[in-house]
Each structure stands twice: as C-alpha cells, then as structure tokens.
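Source: prediction; values computed, not measured.
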Amino acid sequence: MNLKPLGKRVVIQKVEAEEKTKSGIVLPGQVKEQPQVATVIAVGDEDLGVKVGDRIVFSKFSGTEIKIDGETYTILDEEALLAIIQ
C-alpha cells in the first residue's frame with residue numbers, strides 16, 4: 001500500500017470485530033459491534049504523537065473508509081485520535 005495522508009491525518013486499519021460473544025454465541029455480520037481500535041498504517045505530519053505500528057483508539061463514526069488492493073483502510077483527522085494502547 002502506497003498511501004501518504006496529508007496534514008494532520010493518519011491512515012488506520014481497524015481490528016476485526018469479534019465473531020462470538022464471551023459465552024460462545026456466534027454473531028451475524030450486522031450485529032457485530034464495529035471496533036474502535038486500529039493499527040496506524042501511515043502518518044501525515046510527524047508531530048502527531050503517533051507512529052506507524054501504534055495501536056490506537058479512535059472516535060466512533062469518524063473517518064473516511066477507502067479500499068486499496070482489496071484491503072479496507074480509514075483516514076482519520078487528528079481530532080478523532082483518542083488514545084494509544086501500550
């Protein structure tokens with residue numbers, strides 16, 4: 001993937017949603033809660049405080065989804081970044 005975000009934006013790839021509940025119930029696709037955890041794939045400005053490979057938490061319903069080479073990525077503005085998971 002060769003995608004470089006402009007300005008104070010990052011490209012992320014969301015972590016897959018759970019297919020089962022803790023009690024073992026299999027969830028159909030539309031019931032699965034969308035994850036708010038992702039891995040940073042590319043960073044625009046270097047002074048954002050995140051780097052490629054970081055796992056982050058982001059705001060629900062934020063960003064723009066795109067598909068490149070069969071993979072789905074999301075472009076987020078700096079304001080949508082909530083935390084880094086360490």
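- Looking at every heavy atom in both residues, Q36 comes nearest to K60 through NE2-N, 3.3 Å.
- Closest approach of G44 and K4 over heavy atoms only: O-NZ, 3.2 Å.
- Counting all heavy atoms, side chain and backbone alike, D45 lies closest to L48 at O-CG, 3.5 Å.
- I66 CD1 to I68 CD1: the interatomic distance, rounded to the nearest 0.5 Å, is 3.5 Å.
- When atom types are taken as modelled, the side chain of E78 and the backbone of R9 share no donor-acceptor pair closer than 3.5 angstrom.
- Remark: side-chain polar atoms of K14 are not paired, donor with acceptor, to backbone N or O of V37 under 3.5 angstrom.
- Minimum interatomic distance between E79 and S59 (heavy atoms only, all atoms of both residues): O-OG, 4.4 Å.
- For the pair D77 and K8, the minimum side-chain heavy-atom distance is 4.5 Å or more.
- Under the 4.5 Å side-chain heavy-atom criterion for ILVMFWY residues, a single connected hydrophobic cluster contains both I85 and V15.
- Contact check for V11 versus T74: no side-chain heavy atoms found under the 4.5 Å cut-off.
- Between A42 and L3 the shortest heavy-atom distance is CB-O, 3.4 Å.
- With rounding to the nearest 0.5 Å, the separation of CG in L76 from CG in L81 is 6.0 Å.
- Proximity of I56 to V50: side-chain heavy atoms (C-beta onward) are separated by under 4.5 Å at one or more points.
- Between I12 and I41, the shortest heavy-atom distance links the atoms C-CG1, 4.0 Å.
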